[in-house]
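Heads up: the structure comes next, in structure tokens.
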Amino acid sequence: MRDFAGEIESRKSAGLYRTRRTVTGRQRPQLTADGKPLLAFCSNDYLGLAGHPALVESVRSGMGDLGLGGAASHLICGHHQAHHELERKIAGFTRRSAALFFSTGYMANMGVIAALAGKGDTIFSDELNHASIIDGCKLSRARIRTYRHRDTDDLEQQLAETEGHKLVVTDGVFSMDGDMAPLKRLAELCAEHDALLIVDDAHGFGCVGPGGRGSVASLGLSEEDVPVVIGTFGKAFGTSGAFVAGPAMLMDYLVQKARTYIYTTAMPPAIALASCTSLALVETEGWRRTHLDRLIKRFREAVANLGYELMPSDTPIQPILIGDARQALALSADLEARGLLVTAIRPPTVPDGASRLRITLSAAHTQDDLDRLIDALTACAPASAGESPGQNKSAALTATS
Ligand SMILES: *Cc1c(COP(=O)(O)O)cnc(C)c1O
């Protein structure tokens with residue numbers, strides 16, 4: 001048998017060991033984690049909708065009417081009117097012809113990519129794409145060619161030298177960096193080279209673009225430019241589930257072929273009702289995006305001169321690049337000692353030597369919350385201390401993230 005315990009030990013000594021914190025009570029910036037009150041800046045609840053009373057009420061009344069379980073897969077007898085209505089609303093929200101509702105974004109990527117490419121085909125994938133995209137590519141058994149992050153010249157060259165069915169897949173907003181894919185150029189290249197473009201906008205929907213309609217809409221790109229978009233309800237929408245949207249023929253094809261759609265139990269219909277409510281809130285409560293954008297600008301201005309390495313991001317994902325995994329843990333521990341929760345992100349989630357604190361901002365944060373973060377970052381700053389961030393090495397050894 002393999003030395004599993006030994007692998008765990010070597011992860012510990014490399015600063016790559018992972019643990020979980022147990023949250024009690026609601027998901028909100030003022031979290032209780034492992035019994036300790038902390039102000040969190042690492043959730044994906046970007047619009048602060050996860051605990052919204054209207055969503056809770058949708059589930060409560062939905063369950064009163066419809067019960068709990070999904071009972072069967074969509075193709076047997078699990079496809080409920082609540083799911084169907086949600087798909088219609090998603091199509092409207094994304095300005096696509098049709099949509100399909102999945103149980104999670106991970107399953108959507110696995111199912112969609114593996115259905116739309118297969119043996120003998122080629123998938124072109126940005127090197128920083130999300131794990132679920134990478135796994136979908138592997139599952140498809142297509143040839144996988146990664147191109148350098150956001151490098152459309154590299155992609156163009158690879159497209160030009162490849163024959164056969166081609167698929168290009170990218171995050172819309174990159175999950176660990178917060179920057180955006182060059183979607184306009186990607187759409188042009190895909191049109192030129194007859195490649196199918198898939199954009200996973202898990203972090204863009206809700207936050208970016210007119211009415212929160214995502215990074216594709218923010219550039220005014222239509223279904224013709226970007227045929228397939230994927231989103232999750234677990235992040236800005238504050239609920240659960242995911243979707244793919246695009247031409248009706250392709251959605252029909254996915255119903256035939258997407259195994260993660262076909263062979264799983266339908267999500268509880270009451271959750272789909274909550275997502276319908278959430279779609280409406282995202283569009284109508286534009287103040288959440290306005291407030292969030294203000295927090296993002298203030299954060300970047302305040303932290304710009306502290307000596308940290310920020311990344312080129314205008315989105316709620318505002319990472320501080322550290323490099324070394326143990327140093328990232330140490331800075332995270334320093335912040336935690338000041339009452340803040342910002343998880344360190346380490347390989348293999350990010351490339352070797354690119355460990356970071358992935359700070360995320362939310363419309364649920366107040367200006368005072370942000371001030372607390374800025375004060376703590378100032379106190380831990382490399383510029384003021386004259387040393388590299390995360391000096392508290394003893395804390396690093398006991399850090400739990
Ligand atoms: C989180 C995430 C997913 C997975 O979505 P879930 O609904 O959480 O499974 C897919 N793609 C990207 C880019 C993500 O960040």
Side-chain angles (χ1 to χ4, degrees), residues 20 27 42-47 49-50 55 70 83 86 90 94 99-114 116 123 125-140 146 149-150 167-181 183 186 197-209 214-216 226 228-245 258-261 264-268 271-272 274-275 278-279 282 311 313 315-319 343 345 348-351 356 358-362:
R20 303 166 298 168
Q27 281 292 352
C42 50
S43 160
N44 297 322
D45 182 22
Y46 301 123
L47 296 180
L49 292 175
L55 303 186
H83 303 124
L86 177 57
I90 295 164
T94 57
L100 205 58
F101 177 58
F102 279 74
S103 293
T104 71
Y106 210 118
M107 291 170 73
N109 275 327
M110 301 262 285
V112 170
I113 296 169
L116 298 181
I123 304 175
S125 173
D126 187 291
E127 65 184 344
L128 294 189
N129 275 345
H130 188 260
S132 58
I133 294 180
I134 296 169
D135 288 355
C137 293
K138 285 182 186 160
L139 189 63
S140 75
T146 53
H149 182 48
R150 303 181 73 250
L167 200 143
V168 174
V169 58
T170 182
D171 281 20
V173 172
F174 285 88
S175 57
M176 294 300 131
D177 290 47
D179 55 350
M180 289 170 72
L183 293 177
L186 289 177
L197 179 56
I198 300 179
V199 176
D200 170 7
D201 209 14
H203 301 273
F205 282 118
C207 299
V208 175
S215 40
V216 174
V226 181
V228 181
V229 293
I230 290 172
T232 176
F233 283 110
K235 290 169 181 159
F237 292 96
T239 61
S240 183
F243 61 83
V244 53
R259 293 168 62 87
T260 58
Y261 182 79
T264 193
T265 302
M267 162 99 32
I271 305 285
S275 292
S278 180
L279 273 174
V282 163
M311 299 181 80
S313 160
T315 67
I317 303 166
Q318 291 293 331
T343 320
I345 306 287
T349 307
V350 291
R356 67 198 64 185
R358 179 179 179 269
I359 292 170
T360 53
L361 300 171
S362 164

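Note: hydrogens, waters and symmetry copies are ignored here, and every other heavy atom, side chains too, is used. Indexing begins at 1, ligand by ligand and atom by atom, following the structure's order.
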Legend entry - Residues that Asn129 engages under side-chain hydrogen bond (donor to acceptor under 3.5 Å, both in side chains), provided they are two or more places apart: Ser125
Inset, instruction - For Asp179, check salt bridge (Lys or Arg N to Asp or Glu O under 4.0 Å) against everything at least two apart and list the hits. - result: none
Inset, instruction - Determine which pairs satisfy side chain to side chain donor-acceptor pair (under 3.5 Å) with at least one residue from residues 231-241, sequence neighbours left out, and list them in order. - result: Thr239-Ser275
Legend entry - Thr170 versus Asp126, side-chain donor and acceptor atoms under 3.5 Å: no
Legend entry - Whether Phe101 and His83 hold their rings parallel, tilted or perpendicular, with breakpoints at 30° and 60°: parallel
Inset, instruction - Check each protein residue for a heavy atom under 4.0 Å from ligand 1 and list those that pass, ordered by chain and number. - result: Thr104, Gly105, Tyr106, Asn109, His130, Ser132, Asp171, Ser175, Asp200, Ala202, His203, Thr232, Lys235
Inset, instruction - Report yes if some heavy atom in the side chain of Val112 is under 4.5 Å from a heavy atom in the side chain of Tyr261; otherwise report no. - result: no
